[in-house]
A.B. asks: 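Next up is a structure, given as structure tokens.
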Protein chains: 2
Amino acid sequence: MRLSIDPSSAEPLFDQIARSLRQALASGALRPGDRLPPAKDLAEILKVNLHTVLRAYALLRDEGLLEVRRGRGTVVVSPSEKQIDPRLSQAVAHLLMEAHRVGLTENELIRLITRSFRANIGYDSISGEGE
Amino acid sequence: MRLSIDPSSAEPLFDQIARSLRQALASGALRPGDRLPPAKDLAEILKVNLHTVLRAYALLRDEGLLEVRRGRGTVVVSPSEKQIDPRLSQAVAHLLMEAHRVGLTENELIRLITRSFRANIGYDSISGEGE
DNA sequence: ACCTATTTGTCCGTATGTATG
DNA sequence: CCATACATACGGACAAATAGG
């Protein structure tokens with residue numbers, strides 16, 4: 001896994017790292033189930049601080065790309081095959097269109113979805129994985 | 001504005017602060033347009049680190065509740081800016097229904113949204129953020 | 001146009017806590 | 001119990017955006 005970082009860039013380091021990892025995931029260089037190096041190790045390789053890598057990991061975790069857990073490390077999430085349902089993807093496309101129309105940012109949209117999801121489902125079925 | 005923090009609680013400090021602020025917003029103690037104290041000041045009041053407060057502010061900004069900007073400070077977003085468009089909320093409800101139908105977990109749904117969001121961003125008209 | 005103060009943003013280093021194996 | 005690895009918090013430094021003199 002080869003990640004290149006430019007300390008002189010205006011783009012924050014944690015964003016650069018996250019973007020590199022996203023690309024590695026998209027290109028298949030990182031595949032589902034693959035374990036990423038411990039943040040401490042990657043930090044030494046990239047010559048950045050531990051927190052900078054942890055922040056990048058956390059970012060991708062919030063995007064649903066990585067599973068990051070204490071003591072265990074960081075693993076690439078396996079994609080579910082459920083998303084190919086045509087009605088679902090149509091609903092997604094429609095939502096994105098509406099979101100763009102009202103100028104929602106990605107973060108705002110994610111928050112909206114998260115809240116709505118929890119509100120609709122209720123908290124009784126979340127016991128599996130929470131905290 | 002009276003926020004109470006419990007350092008001995010298991011709940012992270014930045015979460016406690018964010019939750020207190022959320023409640024102040026919900027109760028009307030903090031109203032749209034109100035300016036929050038500089039993070040440094042609030043940190044001294046609560047006897048926590050500056051970064052802890054900044055993290056709480058950033059959290060609420062990502063939720064669309066606050067507008068946080070360098071040099072300018074932190075203000076409560078006006079409701080009109082975050083008001084849910086009926087067509088948007090309808091799209092959200094529809095998506096959640098479809099997602100539930102195919103048994104998507106929250107994490108899977110978030111991943112699907114973020115990926116689609118990035119993939120469908122063809123417009124480089126993101127310059128509208130300033131004013 | 002310049003300078004200064006304010007305020008958030010990023011990054012670093014260190015310490016300690018917590019979950020996992 | 002112990003090692004691993006992420007999570008939180010603290011503190012300090014500097015940068016960048018903003019506001020005001």
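A note on names: the letters A, B, ... follow the listed sequences, proteins ahead of strands, and every chain is numbered from 1. Just the heavy atoms: all of them, side chains too, but no hydrogens, waters or symmetry mates, feed the values below.
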A.B. asks: Tell me: CG of A/Leu66 to P of D/dA7, nearest whole Å?
C.D. replies: 11 Å
A.B. asks: Nearest heavy-atom pair of B/Ser4 and B/Ser20: which atoms, and what distance?
C.D. replies: O-OG, 4.0 Å
A.B. asks: Under the side-chain contact (heavy atoms from CB on, under 4.5 Å) test against B/Gln16, which residue among B/Asp6, B/Val48, B/Leu21 passes?
C.D. replies: B/Asp6
A.B. asks: Short question: side chain of A/Asp34, backbone of A/Arg31 - any donor-acceptor pair under 3.5 Å?
C.D. replies: yes
A.B. asks: Is A/Leu36 close to A/Leu42 at the side-chain level, that is, under 4.5 Å between some pair of heavy atoms?
C.D. replies: no
A.B. asks: Whole Å only: how far is the CD atom of A/Glu67 from the P atom of D/dA5?
C.D. replies: 16 Å
A.B. asks: C/dT8 phosphate, OP1 or OP2: any side-chain N/O from B/Thr74 under 4.0 angstrom?
C.D. replies: yes
A.B. asks: Tell me the interatomic distance from B/Lys40, atom NZ, to C/dT8, atom C1', rounded to whole angstroms.
C.D. replies: 13 Å
A.B. asks: Please encode protein proximity along nucleotides 9-14 of chain C as a string of B, S and -, counting only heavy-atom distances under 4.0 Å.
C.D. replies: SBBSBB
A.B. asks: Taking CZ from A/Arg35 and P from D/dT4, how many angstroms apart are they, rounded to a whole number?
C.D. replies: 12 Å
A.B. asks: Does A/Glu108 come within less than 4.0 Å of A/Arg111, counting only side-chain N to carboxylate O?
C.D. replies: no
A.B. asks: Starting at CZ of B/Arg72 and ending at P of D/dA17, how long is that distance when rounded to a whole Å?
C.D. replies: 13 Å
A.B. asks: Please check: side-chain N/O of B/Thr114 versus main-chain N/O of A/Glu63, any donor-acceptor pairing under 3.5 Å?
C.D. replies: yes
